[in-house]
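For reference, the structure is listed below as structure tokens.
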Amino acid sequence: MKNNSRTFALFGNPVAQSLSPLMHGAAFRAMEIDASYRALRMENVRDIPVKMEELDINGASITIPHKTGIMRYLDTVSGSAARIGAVNTITRTNGRLQGDNTDWTGIVLALSEALEIKGKRFAVLGAGGAARAAVYGIINEGGTPVVVNRTTEKGEQVAKEFGCDFYPLEEIQKITGDCLINTTPVGMFPNMDASPVSAKMLEHFKWVMDTIYNPLETRLLKDAARAGRQTLSGAAMFVHQGAQQIRIWTGLEPPTNLMKKVVLERLRDETD
Ligand code: ATR
């Protein structure tokens with residue numbers, strides 16, 4: 001017997017540590033939507049569409065390492081996801097799969113809580129999917145991104161594709177800008193003593209954002225706060241990318257503040 005309950009899932013590998021089930025579960029309950037959201041570990045990307053069909057899944061979040069690989073299994077992909085080259089959101093309607101990217105919206109909305117993007121210059125550290133989402137989002141909002149990466153070839157490629165400047169990481173001292181955004185995994189749990197740039201470099205920027213949310217306050221953000229810079233943790237981006245997924249899946253406005261509260265509470269518990 002079929003009921004009206006809707007089914008959502010997170011696909012990735014690993015997924016056990018993810019806060020998405022907690023966050024989306026809290027949001028659906030508050031919205032009084034009869035829905036389940038669970039994390040499913042997937043080793044092979046091609047099993048994702050099969051599982052969505054089998055479990056009659058209405059919407060899915062896609063995480064590492066499948067954000068790019070999933071694209072060939074989708075019926076349609078949004079313009080922004082195609083440009084970024086990564087899909088983190090799938091909507092299944094009448095058996096057809098549509099791919100979207102809400103990471104760029106997440107970064108834009110998180111930044112917008114602190115500053116106006118338009119007319120500002122951003123140093124984006126990294127050249128992977130998160131960096132591409134940041135670069136796309138900043139350009140979309142009228143800001144100027146500068147790509148900074150350890151490997152020149154990869155950084156230059158991203159800069160060329162999006163028509164922006166590139167600097168190798170070891171030349172970061174040559175850049176001045178309004179905001180520095182880290183999209184590399186440097187400083188992520190358990191390597192909490194690491195930072196992608198030396199504390200001295202942070203004097204060049206007024207704002208410093210990390211896309212890492214575990215720990216909530218990375219070494220980079222600690223150094224930035226100590227240098228008197230304004231800091232933005234990755235938690236805001238995480239919450240906003242999830243909130244945008246709910247808008248896409250339901251057409252309704254999600255309880256973003258509640259989502260932020262449950263995520264921050266859990267992350268604070270973990271650092272206690
Ligand atoms: P994602 O898709 O999540 O953004 P990714 O594609 O693995 O992740 O990209 C990670 C980025 O972090 C890469 O640009 C990588 O730099 P390289 O292109 O030189 O590999 C960067 N990165 C990872 N570890 C790093 C480190 N220890 N120092 C500096 N940059 C690092």
Side-chain angles (χ1 to χ4, degrees), residues 10-15 17-20 42 45 61-71 77 80-89 99-108 110-111 122-139 145-162 164-175 180-202 208-215 218-221 223-224 233-238 240-242:
L10 165 73
F11 293 110
N13 187 18
V15 291
Q17 81 303 338
S18 173
L19 298 182
S20 292
M42 281 293 151
V45 67
S61 310
I62 306 297
T63 189
I64 289 168
H66 300 315
K67 287 187 189 186
T68 299
I70 192 65
M71 294 179 78
V77 169
S80 52
R83 186 100 169 83
I84 292 164
V87 158
N88 77 326
T89 310
D100 285 280
N101 184 303
T102 71
D103 285 331
W104 78 270
T105 333
I107 292 175
V108 162
L111 284 171
F122 297 80
V124 177
L125 298 188
R132 295 173 64 93
V135 167
Y136 176 88
I138 291 162
I139 293 173
V146 178
V147 177
V148 185
N149 198 46
R150 177 179 62 180
T151 308
T152 296
E153 205 182 358
K154 224 170 131 191
E156 268 181 348
Q157 176 60 32
V158 175
K160 192 170 144 213
E161 255 180 75
F162 287 93
C164 54
D165 286 343
F166 166 77
Y167 285 84
L169 187 53
E170 69 262 22
E171 291 177 24
I172 191 170
Q173 77 282 358
K174 292 186 181 166
I175 308 174
L180 175 86
I181 305 176
N182 175 45
T183 76
T184 78
V186 182
M188 197 184 280
F189 178 86
N191 302 313
M192 281 141 56
D193 286 336
S195 173
V197 291
S198 74
K200 183 128 191 54
M201 291 308 124
L202 303 176
V208 178
M209 173 178 181
D210 212 325
T211 60
I212 294 170
Y213 60 84
N214 187 11
T218 55
R219 168 81 189 277
L220 174 72
L221 295 187
D223 287 347
S233 102
M237 173 195 167
F238 174 69
H240 282 297
Q241 63 78 31

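Heavy-atom basis, side chains included; hydrogens, waters and symmetry copies ignored. Order of listing sets the numbers, starting from 1, for every ligand and every atom in it. We're numbering straight along the sequence, starting at 1.
The single protein non-hydrogen atom nearest to atom 31 (C) of ligand 1 is Arg150 CZ, 3.8 Å, given as residue, atom name and distance. Annotation: atom 6 (O) of ligand 1 to nearest protein heavy atom, Gly128 CA, 3.3 Å. The protein non-hydrogen atom at the shortest distance from atom 13 (C) of ligand 1 is Lys154 NZ, 3.8 Å. The protein heavy-atom contact nearest to atom 17 (P) of ligand 1 is Thr151 OG1, 3.4 Å. Distance from atom 18 (O) of ligand 1 to its nearest protein heavy atom, with residue and atom name: Asn149 ND2, 2.8 Å. Of the protein's heavy atoms, Ile64 CD1, 4.3 Å lies nearest to atom 3 (O) of ligand 1. Nearest protein heavy-atom neighbour of atom 2 (O) of ligand 1: Gly129 N, 2.8 Å.
Contact record, Val147 with Gly126: CG1-O, 3.8 Å, taken as the closest heavy-atom pair.
Partner of Met71 under the side-chain contact (heavy atoms from CB on, under 4.5 Å) criterion, out of Ile62, Val45, Val87: Val87 alone.
Residues Val135 and Cys164 are in side-chain contact: their nearest non-hydrogen atoms beyond the backbone lie under 4.5 Å apart. Residues Thr183 and Val124 meet the side-chain proximity criterion, which asks for heavy atoms closer than 4.5 Å. Between Phe11 and Ile70, every side-chain heavy-atom pair lies at or beyond the 4.5 Å cut-off.
The neighbour count for Glu170 CD, taken as heavy atoms of other residues, nucleotides or ligands under 6.0 Å away, is above 12.
The shortest heavy-atom distance from Pro185 to ligand 1 is under 4.0 Å.
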Worksheet item: Can Asp103 and Arg132 be said to form a salt bridge (Lys or Arg N to Asp or Glu O under 4.0 Å), step by step?
Response: CA-CA 10 Å; Asp103 285 331; Arg132 295 173 64 93; over 6 Å; no
Discussion item. Does Leu125 form a side chain to side chain contact (heavy atoms under 4.5 Å, CB included) with Ile181? I'd like the steps, not just the answer.
Written reply: CA-CA 6 Å; Leu125 298 188; Ile181 305 176; over 6 Å; no
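Between the choices Val158, Thr184, Asp103, the shortest heavy-atom distance to atom 21 (C) of ligand 1 belongs to Thr184.
Remark: ligand 1 atoms within the under-4.0 Å shell around heavy atoms of Val186 are 25 (C), 26 (C), 27 (N), 28 (N). Residue Ala130 has at least one heavy-atom neighbour below 4.0 Å for each of these atoms of ligand 1: 1 (P), 2 (O), 4 (O). When each atom of ligand 1 is checked for a heavy atom of Gly126 under 4.0 Å away, the hits are 14 (O).
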